[in-house]
Amino acid sequence: MFRFSLTAVTFFITLLLVLAIGSLFVVPSLEDIRQNIWSPEMRFSLKLSLITGLTSTVLVMIFALPIGYALSRFKFWGKGFVKTIIDMPIAFPELVLGLCLLLLFGNTAVGKLLNSAGLNFVFTKKGIVAAQFFTALPYAIRIMKSTFDYVNPRIEFVSRSLGYSMFETFINISLPLAKNGTLASTVISFARCIGTFGTVLILAGGSYMRTEVLPITLYLNISYGNMGMALTSGIVLMVVSFIAIFIFEKAEVSI
Amino acid sequence: MSFFRVDNLHINLIEFQLREVSFCLDQGDYMMIIGPTGAGKTILLESIVGFWKPEKGRIWLEGSEITQELPEYRNIGIVYQNYALIPHFTVFENIAYGLKKKTKNGIGETVKDIAASLKIEHLLHRKPETLSGGEQQRVALARSLVVEPKLLLMDEPFSALDPRLRRETRHLLLDVLARRKTTVIHISHDLNDAWALANKLAIFRDGLLLQFGTIEDVFRRPQSRFIADFVGASILDGTVVANGSGPCLIDVGDFHLTSIDCTDPGKKVQVALRPEDIIVSKERPSGISAQNIIATRLERVVPEGRASFLHLAVNETELSVLVTNNAVAQLGVSPGDSIYAMIKSANVRIVQ
């Protein structure tokens with residue numbers, strides 16, 4: 001009986017989710033979707049989403065690999081503090097993260113310094129990348145850390161005893177052994193980047209055909225009452241997440 | 001100057017600690033380390049390779065200090081219990097991995113040579129996961145040996161192998177080592193490994209090196225009851241009675257023993273006896289060279305594989321004797337019978 005009720009609850013919630021996801025695909029007509037996808041706004045949004053999403057994902061992985069490895073392997077002063085701060089954006093509302101970034105990149109010394117280096121993140125396309133980067137980074141780091149945790153350090157020890165430096169060992173041994181986790185981390189980061197809304201809205205602004213990525217398109221069109229466009233961007237986002245979760249499950253890593 | 005020297009080494013990894021570890025090895029020595037789990041043995045090996053920084057103390061190899069040297073420059077090899085083979089490399093690539101760092105030429109032949117001497121040449125194209133434990137172990141040995149390390153460290157390399165495979169691997173290893181004169185430090189739980197391979201023995205407990213010496217020395221003169229238990233010797237408390245021209249006479253309570261070791265009369269001592277050094281007989285023997293003949297009562301027979309331990313008692317004092325099962329059958333004794341135990345003075349050693 002116990003087992004039955006728990007399974008029933010699980011199925012009930014799954015069913016609700018399936019219905020919710022399904023309604024996204026059932027409500028609009030195919031013709032609508034086709035037209036919407038080829039509209040200039042959607043093409044702009046899709047293209048911008050892909051470009052910023054890919055750029056952010058690459059940047060995220062460039063940072064997540066070394067940070068994940070450092071957190072997994074090394075003991076250093078202040079490690080506990082570092083872990084807490086890096087993990088914080090996971091629990092943070094995206095809007096608050098966006099606000100914090102807006103303040104930092106706005107009128108502070110850091111913002112001015114970056115500005116003079118040509119990096120203006122406020123209400124710009126670069127801002128979209130920055131927002132996506134900080135939203136996705138904690139997830140990528142977590143996955144990379146647990147991936148490296150599963151790489152037997154003794155294999156690395158043996159490699160070093162055979163004459164290879166730490167860096168060579170990382171390239172020859174640790175990275176290839178972490179390839180499933182790296183793939184999963186990349187895919188999840190990409191899905192997170194594409195789907196980031198709150199952070200992008202606050203830092204880059206949600207201006208029509210300027211900093212408009214897919215979630216912004218969904219939001220703007222819902223506000224105008226243009227359901228067709230909103231649903232289409234919803235479907236595109238959903239497909240991306242589906243593919244991401246599918247690859248993630250295949251890669252068999254834990255967070 | 002000895003070939004390899006560890007001087008007053010302290011390591012602190014919170015969960016494991018090593019304190020005041022010092023010992024020296026000559027080139028070609030084979031040192032066996034035994035001790036209970038959690039004694040810090042693996043940490044010692046990993047510190048010698050250079051994975052952990054010592055808190056204090058120094059390590060020398062071939063006359064130069066290597067305490068601060070990076071592992072990749074030490075030329076010390078390590079073999080783990082679980083082999084630690086590189087899973088995405090073939091057997092050939094695993095063995096060639098270290099060679100590639102050192103040389104460009106003749107890698108193929110060198111790998112084939114070592115593979116042949118360890119009888120794994122037919123496995124070179126396979127991936128480690130498709131090999132049995134014994135095969136993986138030989139690949140791990142080949143990978144470490146092929147770069148001709150100055151010092152080879154092995155952490156329970158045979159513990160996952162069945163007894164027959166163990167003996168086979170020991171022979172193969174001895175053959176390869178003899179040709180290269182490699183100095184070895186080997187951790188094991190199996191005393192047979194020590195007898196078969198080593199010439200030096202170290203006993204560790206709780207991060208301390210309790211005793212270090214030649215195999216003979218540690219097995220026959222264990223410095224404490226704990227070590228005696230570990231190496232299978234029995235220890236008796238006694239007092240030196242006479243110290244004349246002949247062997248030393250020691251009163252161990254219920255009987256007397258003569259020993260080639262000696263100290264001042266009246267002094268309290270501990271003597272160590274090894275169970276395989278004692279011979280037994282049903283009748284009182286005559287005309288034999290053993291100086292100690294003790295009348296005892298057989299308490300019980302404890303079979304242990306192809307041999308048995310006889311537990312003998314003289315009032316309160318107990319002795320254990322190792323005999324073959326065949327000998328037990330021929331003796332035809334049962335618990336309660338009286339039996340004579342004989343031991344040479346040369347095998348009665350004073351330890352303290």
Side-chain angles (χ1 to χ4, degrees), chain A residues 61 65-66 68-83 143-187 247 250-254, chain B residues 12-15 42-43 45-53 66 69-89 93-103 128-129 136 139-157:
Chain A
M61 290 316 291
L65 280 167
Y69 192 73
L71 290 178
S72 167
R73 281 291 183 279
F74 308 137
K75 286 180 185 159
F76 48 85
W77 184 86
K79 185 174 172 181
F81 176 75
V82 169
K83 271 168 86 175
I143 301 173
M144 285 326 299
K145 180 194 175 294
S146 71
T147 302
F148 286 125
D149 284 345
Y150 278 100
V151 172
N152 181 359
R154 290 183 170 174
I155 300 183
E156 300 175 351
F157 284 176
V158 168
S159 165
R160 296 200 65 201
S161 78
L162 290 170
Y164 291 88
S165 69
M166 261 174 137
F167 177 70
E168 289 167 325
T169 299
F170 180 72
I171 299 294
N172 293 338
I173 308 288
S174 324
L175 265 189
L177 288 182
K179 72 168 189 292
N180 281 0
T182 311
L183 175 68
S185 180
T186 310
V187 168
I247 298 179
K250 280 270 166 207
E252 285 176 356
V253 288
S254 57
Chain B
N12 188 352
L13 296 179
I14 321 293
E15 50 293 22
T42 302
I43 301 305
L45 291 199
E46 291 183 344
S47 311
I48 293 173
V49 197
F51 301 140
W52 312 114
K53 264 207 164 39
I66 57 163
E69 190 79 275
L70 288 169
E72 52 265 40
Y73 302 126
R74 293 191 184 195
N75 206 355
I76 298 178
I78 187 159
V79 174
Y80 281 108
Q81 177 183 4
N82 296 322
Y83 328 124
L85 297 177
I86 305 165
H88 56 288
F89 283 10
E93 288 167 329
N94 263 285
I95 301 176
Y97 185 60
L99 271 182
K100 278 189 189 141
K101 186 75 192 174
K102 302 205 154 123
T103 163
E129 64 193 15
Q136 291 194 38
V139 175
L141 281 172
R143 180 178 61 181
S144 292
L145 284 166
V146 78
V147 295
E148 311 205 340
K150 289 177 183 164
L151 183 63
L152 177 66
L153 311 179
M154 296 194 282
D155 189 358
E156 308 206 18

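Lettering of chains follows the sequences in order, A, B, ..., and the numbering in each one begins at 1.
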What part of B/Ile78 is in contact with chain A, defined as an atom under 4.5 angstrom from a non-hydrogen atom: side chain, backbone, both or neither? both
Side chain from CB out, backbone as N, CA, C, O: work out which of these in B/Leu153 comes under 4.5 Å of a heavy atom of chain A, or both, or neither. neither
From [X] [atom1] over to [Y] [atom2], what is the distance, rounded to the nearest 0.5 angstrom?
X        : Y        : atom1 : atom2 : result
B/Leu151 : A/Ser161 : CG    : OG    : 11.0 Å
B/Ile76  : A/Leu162 : CD1   : CG    : 12.5 Å
A/Ile155 : B/His88  : CD1   : NE2   : 8.5 Å

CZ (A/Phe81) with more than 12 external heavy atoms under 6.0 Å: no
Residues, nucleotides or ligands: over 12 heavy atoms within 6.0 Å of A/Phe167 CZ: no
A/Lys79: which residues meet the side chain to side chain donor-acceptor pair (under 3.5 Å) condition with it, sequence neighbours left out? none
Leading residue by heavy atom contact count with chain A [cutoff under 4.5 Å; candidates B/Arg74, B/Arg143, B/Lys102]: B/Arg143
With sequence neighbours excluded, tell me which residues meet ring pair (Phe, Tyr, Trp, His ring centres under 6.0 Å) with B/Tyr83. none
For residues [X] and [Y], determine if any side-chain heavy atom of one lies less than 4.5 Å from a side-chain heavy atom of the other.
X        : Y        : value
A/Glu168 : B/Lys101 : yes
A/Ser159 : B/Ile86  : no
A/Ser165 : B/Leu70  : no

Side chain A/Tyr164, main chain B/Tyr97, donor-acceptor under 3.5 Å: yes
Option from A/Glu156, A/Arg160, A/Arg154 for which side-chain contact (heavy atoms from CB on, under 4.5 Å) with B/Phe51 holds: A/Arg160
